[in-house]
Amino acid sequence: DGDRETPIDRWMGWNVKDADAPRQAIGSQEPTDFIDSMDGTNYITASLTKPMGISFEENDDSEMGGIFVTDVTEGGSAMTDGTVRPGDQLVSVGGKKVVGLPFEDALGTVIDSSEDQTKLVFFR
C-alpha cells in the first residue's frame with residue numbers, strides 16, 4: 001500500500017503521507033463499552049445475612065469460570081440492602097477469592113460461610 005507509512009519510513013525520513021493531512025491517533029481511543037477492572041469504583045461490597053436471596057449462574061465462558069448474579073429475590077437480605085444487582089460478577093466471599101472457580105466451588109463458598117454477615121465483593 002503506497003499510502004502506508006511504516007516505522008522504517010519514519011526512521012529513514014521518507015514521508016509518504018502529506019504533511020498537511022489531518023493526523024489520526026492509532027490505538028488511543030478506548031471502546032465506548034470499556035470497563036476498567038483496575039478501577040475500584042467498578043467494585044461493590046455488600047455484607048449480607050442469610051438468606052441472601054441471590055440467584056447465581058455460571059459464566060458462559062467455561063475456561064474463565066466464576067459466577068454472576070441473575071436475580072435478587074424479595075425477602076432476602078440482598079433486596080433489603082439494595083446494593084447487589086443482576087449482572088454483578090462475584091469476586092470474593094468473606095475475603096476468599098472466588099473469581100474463576102467452577103460454579104459449585106464458588107457457590108459452595110457462599111453456602112459454607114458461617115459468619116453472621118458475609119462480606120461479598122462484586123465487579124459491576
**OP:** Identify the heavy atoms of Thr49 and Asp116 that sit nearest to each other, and give their distance.
**Re:** CG2-O, 3.3 Å
Original post:
Taking atom CG of Asp39 as the centre, does the number of heavy atoms from other residues, nucleotides or ligands within less than 6.0 Å exceed 12?
Top reply: yes
Original post:
Under a single-linkage definition using a 4.5 Å side-chain heavy-atom cutoff for Ile, Leu, Val, Met, Phe, Trp and Tyr, are Val93 and Phe56 assigned to the same hydrophobic cluster?
Top reply: yes
Original post:
Between Ser55 (side chain) and Thr70 (backbone), is there a donor-acceptor pair under 3.5 Å?
Top reply: no
**OP:** May I ask whether Phe123 and Val72 are part of the same hydrophobic cluster, defined by side-chain heavy atoms of I, L, V, M, F, W, Y residues being less than 4.5 angstrom apart, directly or through others?
**Re:** no
Subject >> Shortest non-hydrogen contact between Asp71 and Pro86, atoms and distance >> reply: CA-CG, 4.4 Å
Subject >> Leu107-Leu101 co-clustered via ILVMFWY side chain contacts under 4.5 Å >> reply: yes
Original post:
Hey, mind stepping through Asp81 and Leu48 against side-chain contact (heavy atoms from CB on, under 4.5 Å) and telling me if it holds?
Top reply: CA-CA 8 Å; Asp81 181 70; Leu48 304 174; 3.7 Å; yes
Original post:
Applying the 4.5 Å side-chain criterion to the ILVMFWY set and letting contacts propagate, would Val91 and Phe103 be lumped into a single cluster?
Top reply: no
Original post:
For the side chain to side chain contact (heavy atoms under 4.5 Å, CB included) test, which of Thr80, Leu120, Thr73, Val84 pairs with Met52?
Top reply: Leu120
Original post:
Side-chain contact, heavy-atom cut-off 4.5 Å: Arg85 with Val69?
Top reply: no
Original post:
Heavy-atom count around Arg124 CZ within 6.0 Å, excluding the residue itself: above 12?
Top reply: yes
**OP:** Return the minimal non-hydrogen interatomic distance between Gln117 and Ser47, and the atom names on each side.
**Re:** OE1-CB, 3.7 Å
Original post:
If you look at every heavy atom in Gln89 and Phe68, which pair is closest and at what distance?
Top reply: NE2-CB, 3.4 Å
Original post:
Would you say Thr109's side chain and Asp105's backbone share a donor-acceptor pair under 3.5 angstrom?
Top reply: yes
**OP:** Report yes or no: does Tyr43 contribute a side-chain atom to a donor-acceptor pair with the main-chain N or O of Met38 at less than 3.5 Å?
**Re:** no
Original post:
Heavy-atom count around Lys50 NZ within 6.0 Å, excluding the residue itself: above 12?
Top reply: yes
Subject >> Closest heavy-atom pair and its distance - Phe122, Ile54 >> reply: CZ-CD1, 4.4 Å
Original post:
Stepwise, does the side-chain contact (heavy atoms from CB on, under 4.5 Å) test hold for Thr118 with Val110?
Top reply: CA-CA 8 Å; Thr118 303; Val110 176; 5.7 Å; no
**OP:** Please round to the nearest 0.5 Å and tell me the distance separating atom OG of Ser92 and atom NZ of Lys119.
**Re:** 7.0 Å
**OP:** Quick one: closest heavy-atom pair of Leu90 and Val99, and the distance?
**Re:** O-CG2, 4.0 Å
